[in-house]
There are 2 protein chains.
Amino acid sequence: MTTQTRKAREVAEREELLLDLAIEIIEEHSFAQLTMDKLTARSEYSKGTVYNHFSSKEDLWCALCARGLRIQKSMFGKLANFEGNSRERILALSFGYELFTLCYPILTMVSLRVMSPAVFEKASPARIKALGETEDEMVEMLKGMIETAMANNELSRRYEDNLYQVTFAIWAMSFGSVTILRNSTPTPCLERIDIDSAVLVNASIVLDGLQWQPYSWDWDYKASWQRIAEEIFYEELATLNK
Amino acid sequence: MTTQTRKAREVAEREELLLDLAIEIIEEHSFAQLTMDKLTARSEYSKGTVYNHFSSKEDLWCALCARGLRIQKSMFGKLANFEGNSRERILALSFGYELFTLCYPILTMVSLRVMSPAVFEKASPARIKALGETEDEMVEMLKGMIETAMANNELSRRYEDNLYQVTFAIWAMSFGSVTILRNSTPTPCLERIDIDSAVLVNASIVLDGLQWQPYSWDWDYKASWQRIAEEIFYEELATLNK
DNA sequence: TCTATAAATGACGATTGGTCATTAATCTAG
DNA sequence: CTAGATTAATGACCAATCGTCATTTATAGA
């Protein structure tokens, strides 16, 4: 049995290595230039071995997405020990998501391009299952924070009968803001906003709209944003600014 | 000079025809299956002629995007004569955008996949310029509505010094909501919200957060949503439900 | 009608995704 | 330790695809 686990570990390690190489190729060229031939050439393995790991190019894409989601989840996990009111904790989620897109622009871009039925059809079922589960775990984490806030009367009970709607609102705003900011071409509108605070402002607008206390005019959330950076994501920001 | 304009018109007509065929190919197969060879085969022209229109596959993609933006713009133009308060007019924009994604799922999907520097690099400059201009026109339309509302004291002056931030917030929420709703795989979170009203609810949350009067608890925006459907987008909805 | 310009054509080379018969490595049992 | 069996790795190969360009065809104007 030990040989089994050893082999499985070796296979997993090789898969991670292949993903590293795939990211290198995208970094040096572009997403479209990530071909199985190039990946094979860059690795010390043959095409057939690469195809033993990834059943198709689309499966490789999904594997990159899965890595991105794993990293996101681990980043979100870091805010477990963060001391702050419930709104600050939601902001920390938004902060973390934006930081992820800054630290891992390639994984972010891949996720955006890959998330579609046509791609999933060509990926292996196991891969898709893993993707969905990680995503659900993160949604449930957000929902749990909403429930807690409502129980503590920090969040109005206006949307009490549909907590997932609140989850969706926060998620959609974070996703929309970051995606437009980081993936769009330069446009006059985007050039005239403060990009560094845009995600914070948009999240605050949504939280105000949800009547989540304390309101943005009763609290200095810019300071919270700063504190999140320093207390939770210090390491990531340090490597980012290097 | 007349022959010049006639030829130019013929070329433009042929380009529209080619875009129709490209959409057909995506409909019947998938985005990845849209190849220049297939497009050539389906048309009555040769490969070289197709390449006279589209300098590359990426240029073809951008041409599809440009068509999508033109359609969006024309849909937004329909709400010029809509009678309603300023919040209802913003909702009409969100409604229009969601309706566009429902009526033209392929153009929506193409836009999402295409909007990236790597693709733009391979598209013709003229195409990119046209894309940017159409986009800016729509942003300016939204900004104009915000200015009017602020002048009429329907919208708080809290964000007065940065109107583009307000534009961005509304845009990001619409984009994020619709993109997640229509492009994601089925996930427990999405299955538990009312998809038909999710965009309205999210837009309302943002507008409440912006302190845009009248608040959602002082006005029946579900009725407004219905009225927008009937008065502005009756035709589109009729063809959609066919 | 003749010539100069513009447009259309499709064969071609290079690259790609994916397959599969062959080869190599590893394991198991006697 | 060895022989046979099972598993994994290999890369030549095929069909599909992108984009080019020398050649052919159509058109415009004198």
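Order of the sequence lines fixes the chain letters, A, B, ..., with proteins taken first and strands second; residue numbering starts at 1 for each chain.
Contact annotation: R14(B) reaches the phosphate of dA8(C) (side-chain N/O to OP1 or OP2, under 4.0 Å). Regarding contacts with the backbone of dG19(D), a side-chain N or O of Y51(B) is found under 4.0 angstrom from either OP1 or OP2.
In this structure, of dT9(C), dA12(D), dA9(D), it is dT9(C) that holds the atom nearest to the side chain of T49(B). Candidate nucleotides dG18(C), dA7(C), dT20(D) were compared by shortest atom distance to the side chain of N52(B), and dA7(C) ranks first. Residue S46(B) has its side chain nearest to dA8(C) when only dG19(D), dA8(C), dG11(D) are considered.
Of all the residues in residues 122-130 of chain A, not one reaches under 4.0 Å from DNA chain D with any non-hydrogen atom.
Of the residues D37(A), N52(A), T40(A), the one that meets the side-chain hydrogen bond (donor to acceptor under 3.5 Å, both in side chains) test with K47(A) is D37(A).
Protein atom NE2 of H53(A) is 14 Å distant from nucleotide atom C1' of dT10(D), rounded to whole Å. Atom-to-atom, CD of E58(A) to P of dG17(C) comes out at 9 Å; the value is rounded to the nearest Å. A straight line from CG of L60(B) to P of dG19(D) spans 10 Å, rounded to a whole angstrom. Nucleotide dA7(C) holds its P atom 12 Å from the CD atom of E10(B), rounded to whole Å. Put simply, CG on D59(B) is 14 Å from P on dC18(D), counting in whole angstrom units. Atom CH2 of W61(A) is separated from atom C1' of dG17(C) by 11 Å (rounded to the nearest Å). For the pair K47(B) NZ and dA7(C) C1', the computed distance is 18 Å after rounding to whole Å. Distance, F54(A) CZ to dG17(C) P: 14 Å, rounded to whole Å.
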Atom pairs, protein N/O to nucleotides 21-26 of chain D N/O, distance under 3.5 Å:
none

What protein N or O atoms touch nucleotides 14-16 of chain C N or O atoms at under 3.5 angstrom, if any, and at what distances?
from	atom 1	to	atom 2	distance (Å)
dT16(C)	OP1	K38(A)	NZ	3.0

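At least one donor-acceptor pair closer than 3.5 Å links the side chain of S204(A) to the backbone N or O of L200(A). In terms of modelled atom types and a separation under 3.5 Å, the side chain of S177(A) and the main chain of M173(A) share a donor-acceptor contact.
With contacts defined as side-chain heavy-atom distances shorter than 4.5 Å, the pair N162(A)/V201(B) does not qualify.
Annotation: side-chain contact (heavy atoms from CB on, under 4.5 Å) contacts of R127(A) (sequence neighbours excluded): E15(A), F54(A), D59(A), C62(A), A63(A), S124(A). Residues forming a side-chain contact (heavy atoms from CB on, under 4.5 Å) with I128(B) (at least two apart in sequence, or on another chain): F120(B), A123(B). K57(B) is linked by a side chain to side chain donor-acceptor pair (under 3.5 Å) to nothing, counting only residues two or more places apart in sequence or in another chain.
Side-chain N/O atoms of R113(A) and S116(B) include a donor and acceptor closer than 3.5 Å. Donor-acceptor pairing under 3.5 Å is lacking for the side chains of Q165(B) and D194(A).
We find the CG-CD distance between N241(A) and E236(A) to be 12.0 Å, quoted to the nearest 0.5 Å.
At a threshold of 4.0 Å, the pair R42(A)-E28(A) counts as salt-bridged, since one of the basic side-chain nitrogens sits closer than that to a carboxylate oxygen. Contact check on D136(A) versus K143(A) returns no salt bridge, with no Lys/Arg side-chain nitrogen under 4.0 Å from an Asp/Glu carboxylate oxygen.
S56(B) comes within 4.0 angstrom of sugar-phosphate atoms only, judged by non-hydrogen atoms across all strands, and of no base.
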